[in-house]
Amino acid sequence: MAILVNENTRLLVQGFTGREGTFHTQQAVKYGTKVVGGVTPGKGGTTHEGLPVFNTVADAVKALQPDATILFVPPVAAADAIMEAADAGIAVIVSITEGIPTLDMVRAWSIVRNSKSRLIGPNCPGIISPGKCKIGIMPGHIHLPGRVGVVSRSGTLTYEAVGQLTSLGIGQSTCIGIGGDPIIGTTHIDAMRLFNEDPDTDAIVMIGEIGGNNEEIAAEYVGKYVKKPVVGFVAGQTAPPGRRMGHAGAIISGGKGTADEKMKAMEAAGITVVKSPADMGAAIAKLLGK
């Protein structure tokens, strides 16, 4: 069992006919994901990559009944695209777009959180259940089907963890890049709940970074409820206060959100914390006895 997506997930692509949308649709189809069509305003009634194109998400949902959608929409229009997908009732919305204005995301999140949709992102690589379904920009070939869940704010570190696991012969159940913006749909604790409840996930890699307190909240949940082994890593250990490190949400403010605080919270919850990203795979292998 995969969380959120599986081999039967029907995927809609917003921003379908653009260069990014076209390329990643091709990659998803090649991986085996069931892409059913796409949305590009003004091009409804045409076909692209052999699939139907619609003017609106509502039209596409009525015709195709997708389970998930992925957005390749410019920042200026991405929040509206997220809200359009939520209004149409799509269960899983994946927003890859980086640079969506925070005020736009405040508006979009107020809609999504009161809908039946789950948002992954924005500014994220997406979600993959290896061998089953790829909704995002991650390289499919580095993944291996298995029983370790991965959740990360950093796309690059997601790939790093996956690459290490695969090289050790340890497969993944589902990998979620949740994004590094200040306002995101799915947080660490959301992912940890899903992995904890998934009978086909035996262990979890949780990758955080400086800024905010999502890692601390997730660690508290792990300490209370999660019996599966968890490996944790926090990026930005040498970041000076007030300096943004890559992601808009990765900034230490008022002395809060430091790597040290997050690592201490993880250790207090029984999470095996590694200080170097190079040790993530080996730590999981040790915990699993491999």
Side-chain angles (χ1 to χ4, degrees), residues 2-5 92-95 105 109 112-113 118-129 136 138 148-162 165 172-198 201-237 239 245-253 256-274 277 280 283-284 287:
I3 66 170
L4 301 181
V5 300
V92 177
I93 304 168
V94 179
S95 177
M105 275 309 302
W109 181 233
V112 175
R113 69 188 301 178
R118 173 181 291 278
L119 173 64
I120 298 173
N123 189 13
C124 77
I127 180 171
I128 182 170
S129 285
M138 67 288 290
V148 175
V150 178
V151 54
S152 172
R153 280 170 69 177
S154 164
T156 303
L157 288 176
T158 308
Y159 311 151
E160 177 63 29
V162 168
L165 292 171
Q172 307 91 47
S173 54
T174 303
C175 306
I176 310 175
I178 60 175
D181 279 4
I183 298 175
I184 55 174
T186 298
T187 64
H188 276 108
I189 190 170
D190 297 325
M192 297 305 283
R193 284 194 182 108
L194 291 166
F195 284 134
N196 192 44
E197 294 166 1
D198 178 23
T201 294
D202 294 336
I204 307 163
V205 177
M206 183 174 84
I207 303 169
E209 59 186 30
I210 60 170
N213 65 345
N214 280 326
E215 291 86 351
E216 291 92 330
I217 294 171
E220 184 178 357
Y221 173 82
V222 170
K224 289 181 178 178
Y225 304 109
V226 179
K227 304 304 179 186
K228 302 174 182 183
V230 180
V231 166
F233 172 73
V234 180
Q237 294 171 34
M245 305 297 286
H247 286 156
I251 182 169
I252 301 168
S253 179
K256 298 295 184 181
T258 66
D260 187 55
E261 285 180 328
K262 294 176 185 296
M263 292 165 69
K264 286 179 178 177
M266 288 183 180
E267 290 171 345
I271 295 172
T272 299
V273 178
V274 296
M280 294 184 289
I284 279 287
L287 288 174

In terms of heavy-atom contacts, A218 and M192 come closest through CB-CG, 4.3 Å
Distance col, row L119:CG vs I93:CD1, nearest 0.5 angstrom, shows 6.0 Å
Of V230, D202, T201, D190, the one forming a side chain to side chain contact (heavy atoms under 4.5 Å, CB included) with F195 is T201
Of all heavy-atom pairs linking W109 and G185, the shortest is CH2-O, 3.5 Å
Side-chain contact test, heavy atoms from C-beta onward, threshold under 4.5 Å: evaluate it for M105 versus D181 and give yes or no. no
One should read off an interatomic distance between S173 OG and I128 CD1, to the nearest 0.5 angstrom, of 11.5 Å
So CG of L287 and CD1 of I271: to nearest 0.5 Å the spacing works out to 11.5 Å
Residues E215 and G208: closest non-hydrogen pair is OE2-CA, 3.3 Å
Side chain to side chain contact (heavy atoms under 4.5 Å, CB included) with V231: of I204, I207, V148, I284, only one passes, and it is I284
- Message: Do the side chains of E197 and R193 get close enough for a salt bridge, i.e. N-O under 4.0 angstrom?
- Response: no
- Task: Decide yes or no on side-chain contact (heavy atoms from CB on, under 4.5 Å) for L194 and T174, but give the supporting numbers first.
- Result: CA-CA 10 Å; L194 291 166; T174 303; over 6 Å; no
Between the CZ atom in R153 and the CD1 atom in I210, the distance rounded to the nearest 0.5 Å is 8.0 Å
Between A219 and A265 the two heavy atoms that sit nearest each other are CB-O, 3.6 Å
Problem - Backbone of A235 reached by a side-chain donor or acceptor of K262 within 3.5 Å - result: no
Would you mind reporting whether H188 and I217 have side-chain heavy atoms less than 4.5 Å apart?
no
Validation row: I178, C124 side chains within 4.5 angstrom (heavy atoms): no
CD1 (I127) and CG (L4) are apart, to the nearest 0.5 Å, by 4.5 Å
CD of Q172 to OG1 of T158, rounded to nearest 0.5 Å, is 11.0 Å
Shortest non-hydrogen pair, E209 vs S154, comes out as OE1-CB, 4.1 Å
Nearest heavy-atom approach of E267 to V273 is CG-CG2, 3.5 Å
